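These notes concern the structure reproduced below.
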Amino acid sequence: CTSIVGEDSKGNMYHARNLDFGLFLGWDVQNDTWMVSQLLRPLIINVNYTKGGQLQYKTVTFVGFVGVITGIKPNSFSISINERFGANGGYIGLFEWFLNINRNQAWTTFLARDVFENDNMDFDGVIKTLTNTPIIAPVYYIVAGPEKLQGAVVTRDRAKTVDVWTLGTNDTWFLAETNYDHWKKPLIVDDRITPCNRCMNKLGHEKMSFEGLFNVLSSKPVLNKLTVYTALMELKTGKLETYIQYCPTPCDPF
Amino acid sequence: SVLAKYEEICEQAKYPPDPKTSFVPTYVVNLDLPPSQRWVEISKIYQKPLAALVTYIKEFALEFSPKLQKIIDLIDNKLGKLADSLPAPYGEEIKGIANATNIELGELVLYNIFYEVFTL
C-alpha cells in the first residue's frame, strides 16, 4: 500500500492511497496478475453511511468487509490503513483474543470505523484514539484533517505508539507512507517510497490535486501488480473518488 | 515478462482513467437499520463474486496442502462463534452478510479479520 497526505499551496488538504493486496496467494496466468487481487477488484465499492437520512461518513471497502481501511468524514478527518509487519505481529493478539486471554485490544480496522461512528471526533481526537488504544496487530494509521498541516502517520505496535510523524516537520508539505517505518530504509526489492517521494516532489506543492495525486499513484512501482484501487480524498469538501487499478506488464509484482 | 525492465517515470496524463475499466459504484448503508440488515441488499448483489473469492482461497489452501482441510473445517465449524465476541455492531453486521449470501459465517469472520491474520 501507499498512502499520501498533503496540502496544496493554498493549504487545502488531500489524502490519497493505493491499496495493494493479494501477495503470494496464487498467480493469474491469463491476466498476468495476482489471483486474489483479481478476485477483489469486482468487490470494490464506495459506501456512504447515513443516519437520519444524513451522510455521516464515506468509505471504500470490499463487499463483505465491515471495517474501515479507507474513509473520510467531510470537513472532519480521513483515515487510511497500511499494513505494518513486525516481530510482535498480529498472531499474538489473535491468540489472546481466541483464547479469551485479553480482549481489551481493538481490531485495527474496526477501531478505524469506531472513530467514524463517534459524532464528536475531530483530527486531534482521532490521533489521540488511534495512538492510545491497544490493538491486535501492528499498523500504520495515516490521518488527515481539513486544516492546514493536519496530516500525520501513526506508527503502531500492538501495545503502544512507536512514532507520530506530522505534516510540517522539516517544512514538509506532504507525507508518504508505504509499509516500512519512515525512519528506516525499505527492502531493496520493495522500494516504492523513493519513486513516490520523487514523483511528489516533481509534482510540487502548486499542482497538488486529485489529478496530480492520481498520476503519482499510477507511476510504477508505486503502482504494481498488487494495486487494486486508488482512492482520492479532499478533506474540506469530503469529495471521494475511487478507481480500480491494473498495472500493465511489465510491472513489479509487488 | 512481468519482471521485464521498464522506464521509471512519473506519470502525467493518467487522470481521469477510463471509466470502462476503473468505475467503482457507490452504495448507501443506513445506520438506522439493525446491524444485521445494513448490508443485506449489497451482499445479495455481490453474492457470486464474494463466494468466488472465498471458494478460491479454500481451493488455494487445499492445493498448497490437502492437510489444510482440517483448518478449513475448523474455520467453518468454530470461527463463526467468534462473531459473538466481536465488538458491536460488527459481529451482527457480519452475521447479516452470512445470512444474505449463504457463505459460512466462519469464512466471513476470517475475511473480516484478514488484516490481523495476514500479519502472520
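In this text the structure is predicted, and so the values were computed from the model without any measurement. Naming convention: chains lettered A, B, ... in sequence-line order (proteins, then strands); numbering from 1 in each chain.
Within the 4.5 angstrom heavy-atom criterion, only side-chain atoms of B:Phe60, from C-beta onward, approach chain A. Neither the backbone nor the side chain of A:Arg41 comes within less than 4.5 Å of any heavy atom of chain B. Contact annotation for B:Ser85: both backbone and side-chain heavy atoms come within less than 4.5 Å of a heavy atom of chain A. With a 4.5 angstrom heavy-atom cutoff, A:Asn100 does not touch chain B via any of its atoms. Proximity to chain A is limited to the backbone of B:Ala13, based on heavy atoms less than 4.5 angstrom apart. For B:Ile9, the part sitting under 4.5 Å from any heavy atom of chain A is the backbone (N, CA, C, O) and nothing else. With a 4.5 Å cut-off on non-hydrogen atoms, A:Gln56 touches chain B through its side chain but not through its backbone. Interface residue A:Glu241: only side-chain heavy atoms are found under 4.5 Å from chain B. With a threshold of 4.5 angstrom between heavy atoms, A:Tyr57 approaches chain B through side-chain atoms but not through N, CA, C or O. In this structure, no portion of B:Phe64 lies under 4.5 Å from any heavy atom of chain A. Within the 4.5 angstrom heavy-atom criterion, atoms from both the backbone and the side chain of B:Leu86 approach chain A.
Counting only distance, with no hydrogens or angles, the side chain of A:Lys58 and the backbone of A:Gly238 share a donor-acceptor pair below 3.5 Å. For A:Asn102 (side chain) and A:Asn104 (main-chain N/O), a donor-acceptor pair under 3.5 Å exists by modelled atom type. Side chain of B:Trp39 to main chain of A:Val63: no donor-acceptor pair is present (N/O by atom type, distance under 3.5 Å, no hydrogens or angles).
Between A:Phe21 and A:Phe62, the distance separating the two ring centers is not shorter than 6.0 angstrom.
In plain terms, the two heavy atoms of A:Leu226 and A:Pro253 that are nearest each other are CG-O, 3.5 Å. The nearest pair of heavy atoms linking A:Val222 to A:Thr227 is O-OG1, 3.9 Å.
Across A:Leu23, A:Ile69, A:Ile81, A:Thr108, the residue that shares the most heavy-atom pairs under 4.5 angstrom with chain B is A:Thr108.
At a threshold of 4.0 Å, the pair B:Glu104-B:Lys58 does not count as salt-bridged, since none of the basic side-chain nitrogens sits closer than that to a carboxylate oxygen. Comment: A:Asp252 does not engage A:Arg192 in a salt bridge, judged by the lack of any side-chain N to carboxylate O separation of less than 4.0 angstrom.
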